[in-house]
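Below is one structure, written out as structure tokens; the observations come after it.
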Amino acid sequence: MPLRPALACALLLAWTAAPAQAAPAGPPTTNGVYVAKGACPFEGCSFATYWRATARVAVYAGPGSKTVLGWIAPGEEVQALAGQYHLTPRRGVVRAGIGRFRKGEVIWLLEPQGEGVFTVWRRGHRLDWIMPDADYHVAWDRVPPSVPPDVWWVKVRRAQGPDGWLRDPTQSFECLDQLSGDQGCRRAPAP
């Protein structure tokens, strides 16, 4: 039995108006920035030791703040309490099945952990991933020049002066990991 023109049009409109399948959602962000709480982004990184300043360093009121609460002098030791890694997630499409990822699957690159290990976001979950030759296995979206650089913020406690947050302390402190520095680096903070 042939379809009436009105019924055919209604069916066509219903078919074309059907919602397209949503693209996989990325990780939760605020203004495009993902915050990895508790991050210590390199091998051996540790909050269980004292860190020693090698240069004069500003102490900020909080992550992203421009308010300087005070200054840490070279040689001063601080106790690192917590870290936050602020980044813009990078979207990628898996080119060929690799490990637990299927060809065509969308993943999001998050914070580094050191030694080629990264956190990735896939289907609503964070996963640790030892990244192989990523440019071969994953087609990453280009990063526009307007994307702000990744920033590691670390909350510290001081013996003298205000506690606060450090911005990217890797260039101005030693003893940040369990492997470097002198024996003084490996003494644990008092309970």
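Remark: R90 CZ to W108 CH2 distance equals 12.0 Å, nearest 0.5 Å.
The side chain to side chain donor-acceptor pair (under 3.5 Å) search around D163 returns none, not counting sequence neighbours. With sequence neighbours excluded, no residue satisfies ring pair (Phe, Tyr, Trp, His ring centres under 6.0 Å) with F118. Evaluation of the side chain to side chain donor-acceptor pair (under 3.5 Å) rule for R167 yields no partner, not counting sequence neighbours. Scanning for side chain to side chain donor-acceptor pair (under 3.5 Å) contacts around T119 gives E111, Q113, with sequence neighbours left out. For R122, the salt bridge (charged side-chain N to carboxylate O under 4.0 Å, His left out) partners are E105, not counting sequence neighbours.
Between the D168 side chain and the V151 main chain, no donor and acceptor come within less than 3.5 Å of each other. Of the possible donor and acceptor atoms, none in the side chain of T29 sits under 3.5 Å from a partner among the backbone N and O of N31.
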Could you list the donor-acceptor pairs under 3.5 angstrom formed by side chains in residues 32-46, with sequence neighbours left out?
| unit_1 | atom_1 | unit_2 | atom_2 | d |
| --- | --- | --- | --- | --- |
| Y34 | OH | R126 | NH1 | 2.6 |
| S46 | OG | A48 | N | 2.9 |

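Ring centroid separation for the pair W153 and Y85 does not come in under the 6.0 Å cut-off.
Side-chain contact between V117 and W129: absent, with no pair of heavy atoms (C-beta onward) separated by less than 4.5 Å. Using a 4.5 Å cut-off on side-chain heavy atoms (C-beta onward), T67 and Y60 make no contact.
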